[in-house]
Amino acid sequence: MASTALVTGASSGIGKEFAKQLASRNILPVLASRNVEKLNGLKAEIEAEFGISAEVIPIDLSVPGSAGTLYEECETRGLDIDILINNAGVGMFGASMDQDPRTIEGMLTLNIVSLTTLSSRFAARMKEKGRGHILNVGSFAGNQPTPYFASYAASKRYVHDFSLALRRELKHTGVRVTCLVPGFVSTSFDANAGIGNPAYLKLSSRGSLPPAAVAKIGLRAMFKGKARVTAGIANKVLVFVVALIPSRPKAAIIHAGMGWIIR
Ligand SMILES: NC(=O)c1ccc[n+]([C@@H]2O[C@H](COP(=O)([O-])OP(=O)(O)OC[C@H]3O[C@@H](n4cnc5c(N)ncnc54)[C@H](OP(=O)(O)O)[C@@H]3O)[C@@H](O)[C@H]2O)c1
């Protein structure tokens with residue numbers, strides 16, 4: 001029987017590439033995000049290109065309780081999820097005190113709470129079956145305190161640590177948890193994070209990888225059962241360097257760098 005994969009944030013960027021690459025492996029993708037037109041467009045594209053069906057579940061995962069609703073909808077439709085890809089996420093750029101608290105709460109619900117609920121509930125089902133994969137999308141920003149991306153970066157640090165901890169809890173169950181850590185990726189992420197600063201955009205576009213390449217790295221690591229993968233050689237080197245610096249000076253260095261970029 002063909003496998004089934006739930007991909008959150010499937011309407012664009014890395015998530016869209018996850019869905020297409022899964023379909024190319026004959027895995028039925030379940031596409032979840034808010035924009036139903038985009039999801040239906042992707043479903044048609046997948047069906048035409050790969051001759052495999054796709055399911056569409058429109059959902060806003062920044063709403064409290066929505067992850068439970070998504071889980072129930074999969075159950076109601078009889079979708080037996082073998083692979084969960086927690087990819088949906090947004091960033092918020094700028095000084096924390098200038099940001100709308102309700103928007104921050106929505107971001108944290110999406111990036112942290114929904115990811116946690118989906119991981120826990122699907123992990124329980126997968127554990128019963130004795131097999132399954134969970135791929136959580138973190139971020140290079142989650143490797144250190146990141147001024148002007150403070151709550152986003154901290155939410156991704158949560159994703160990194162939660163993924164490793166859940167992986168240990170699921171050891172010897174046949175369920176593997178992998179965390180993908182992308183650096184800059186050429187998607188609509190920067191625009192959606194409210195970044196209009198030309199200097200920052202120049203920096204991020206110069207160092208960015210295409211979403212298809214990042215999705216491929218994530219899926220390869222997931223199918224190999226790896227705990228964590230950083231996307232791209234340059235980012236791997238940076239991770240090594242950044243790990244040598246203690247957190248407080250790291251925050252000061254990034255604050256100075258960001259301050260220079262956004263001045
Ligand atoms: N691009 C980068 O530089 C970068 C770097 C590191 C990590 N990441 C991470 O990679 C992941 C994918 O981002 P991306 O770069 O592919 O950005 P993107 O192109 O903006 O895609 C974000 C996806 O998340 C979905 N989404 C946003 N808000 C949602 C909500 N409230 N409920 C459900 N779905 C929602 C969007 O779909 P709808 O609009 O249809 O809801 C979209 O499909 C994120 O977790 C992000 O933090 C990105």
Side-chain angles (χ1 to χ4, degrees), residues 6-21 29-43 56-67 69-70 73 85-93 102-115 117-119 135-144 146 149 151-160 162-163 179-195 200-201 203-218 228-232 234-235 238-239:
L6 171 60
V7 182
T8 69
S11 64
S12 70
I14 307 169
K16 185 175 181 177
E17 297 300 331
F18 277 135
K20 285 163 63 173
Q21 291 178 27
V30 181
L31 315 171
S33 80
R34 294 165 302 179
N35 191 320
V36 69
E37 286 80 21
K38 281 192 185 175
L39 294 178
N40 282 330
L42 178 60
K43 172 183 161 73
V56 166
I57 305 182
I59 189 104
D60 182 347
L61 291 168
S62 69
V63 175
S66 54
T69 306
L70 176 54
E73 183 61 23
I85 303 193
N86 276 309
N87 162 78
V90 289
M92 281 178 75
F93 186 70
R102 275 169 307 179
T103 312
I104 296 180
E105 282 170 22
M107 178 189 70
L108 296 178
T109 304
L110 173 66
N111 292 5
I112 294 179
V113 180
S114 289
L115 175 140
T117 302
L118 290 172
S119 297
L135 177 61
N136 290 334
V137 180
S139 169
F140 191 90
N143 290 335
Q144 62 281 312
T146 306
F149 246 138
S151 42
Y152 170 72
S155 75
K156 291 299 185 176
R157 177 59 178 253
Y158 174 93
V159 174
H160 298 177
F162 173 74
S163 302
C179 186
L180 167 65
V181 181
F184 294 126
V185 190
S186 45
T187 66
S188 45
F189 176 85
D190 284 355
N192 292 336
I195 304 173
Y200 185 98
L201 292 175
L203 177 79
S204 71
S205 66
R206 198 183 286 155
S208 70
L209 290 173
V214 175
K216 190 174 173 189
I217 290 166
R228 179 173 163 152
V229 63
T230 297
N235 291 324
L238 261 180
V239 166

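Order of listing sets the numbers, starting from 1, for every ligand and every atom in it.
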Counting each atom of ligand 1 from 1 as listed, which ones have a heavy atom of Phe184 under 4.0 Å away? 3 (O)
With no hydrogens and no angle check, is any side-chain donor or acceptor of His160 less than 3.5 Å from a backbone partner on Ser139? yes
Short side-chain to backbone donor-acceptor contact, Gln21 and Ala212, under 3.5 Å: yes
Does Val63 offer a backbone N or O that forms a donor-acceptor pair with the side chain of Ser66 under 3.5 Å? yes
If we set the cut-off at 4.0 Å for heavy atoms, which region of Phe140 has an atom near ligand 1: side chain, backbone, both, or neither? neither
Check: Ser11 side chain, Leu39 main-chain N or O, donor-acceptor pair, under 3.5 Å: no
Asn35, any N or O under 3.5 Å of ligand 1 N or O: yes
Any donor-acceptor N/O pair, Thr69 side chain to Ala67 backbone, under 3.5 Å: no
Distance to 0.1 Å, residue and atom name: give those for the protein heavy atom nearest to atom 2 (C) of ligand 1. Val185 N, 3.5 Å
Can you check whether Ala153's main-chain N or O pairs, donor with acceptor, with Thr146's side chain at less than 3.5 Å? no
Please check: side-chain N/O of Asp190 versus main-chain N/O of Leu201, any donor-acceptor pairing under 3.5 Å? no
When distances are taken from atom 14 (P) of ligand 1, the protein heavy atom at minimum range is Thr187 OG1, 3.4 Å
Which residue and non-hydrogen atom of the protein lie closest to atom 37 (O) of ligand 1, and at what distance in Å? Ser11 OG, 2.8 Å
Check Tyr152 against Met107 and note the closest heavy-atom contact, atom names and distance. N-CE, 3.6 Å
Which heavy atom of the protein is the closest neighbour of atom 5 (C) of ligand 1, given with residue, atom name and distance? Gly183 O, 2.8 Å
Between Ser33 and Asn35, is there a side-chain donor-acceptor contact under 3.5 Å, judged purely by atom types and distance? no
Selection from Ala215, Ser12, Gly13 by shortest heavy-atom distance to atom 21 (O) of ligand 1: Ser12
Which atoms from ligand 1 have a heavy atom of Ile59 less than 4.0 Å away? 32 (N), 33 (C)
Geometric N/O contact Ile14 with ligand 1, under 3.5 angstrom: yes
For Ser188, atoms of ligand 1 separated by under 4.0 Å from a heavy atom: 18 (P), 19 (O), 20 (O)
Looking only at side-chain N and O atoms, does Ser163 offer a donor or acceptor that is under 3.5 Å from a partner on Asn136? yes
Of all protein heavy atoms, the one nearest atom 25 (C) of ligand 1 is Gly9 CA, 3.5 Å
Keeping Lys156 on the side-chain end and Val137 on the backbone end, is there a donor-acceptor pair under 3.5 Å? yes
Heavy atom under 4.0 Å from ligand 1: found in Val90's side chain, backbone, both, or neither? side chain
List every atom of ligand 1 that sits less than 4.0 Å from any heavy atom of Asp60, numbering the atoms from 1 in the order shown and giving each element. 30 (C), 31 (N), 32 (N)
Could you go through the ring pair (Phe, Tyr, Trp, His ring centres under 6.0 Å) check for Phe93 and Phe189 one step at a time? CA-CA 11 Å; Phe93 186 70; Phe189 176 85; over 10 Å; no
Which atoms of ligand 1 have any heavy atom of Val137 under 4.0 Å away? 9 (C), 10 (O), 11 (C)
Can you tell me how far apart CG (Leu110) and OG1 (Thr8) are? Round to the nearest 0.5 Å. 7.5 Å
CG of Leu31 to CD1 of Ile59, rounded to nearest 0.5 Å, is 13.5 Å
Heavy atoms only: which of Asp190, Leu115, Asn192 lies closest to atom 20 (O) of ligand 1? Asn192
Counting only heavy atoms closer than 4.0 Å, does ligand 1 sit against the backbone of Lys156, its side chain, both, or neither? side chain
Nearest heavy atom to atom 45 (O) of ligand 1: which of Val214, Asn87, Val181, Asn111 does it belong to? Asn87
So is Thr8 close enough to ligand 1, meaning a heavy atom under 4.0 angstrom away? no
In the protein, which heavy atom is nearest to atom 27 (C) of ligand 1, and how far is it? Arg34 NH2, 3.4 Å
For atom 7 (C) of ligand 1, which candidate among Gly89, Ala10, Ser208, Gly138 holds the nearest heavy atom? Gly138
Can you tell me which residue and heavy atom of the protein come closest to atom 32 (N) of ligand 1, and the distance to 0.1 Å? Leu61 N, 2.8 Å
Protein heavy-atom partner closest to atom 8 (N) of ligand 1 - residue, atom, separation in Å: Tyr152 OH, 3.8 Å
Using a 4.0 Å cut-off to any heavy atom of Ser62, which atoms of ligand 1 qualify? 31 (N)
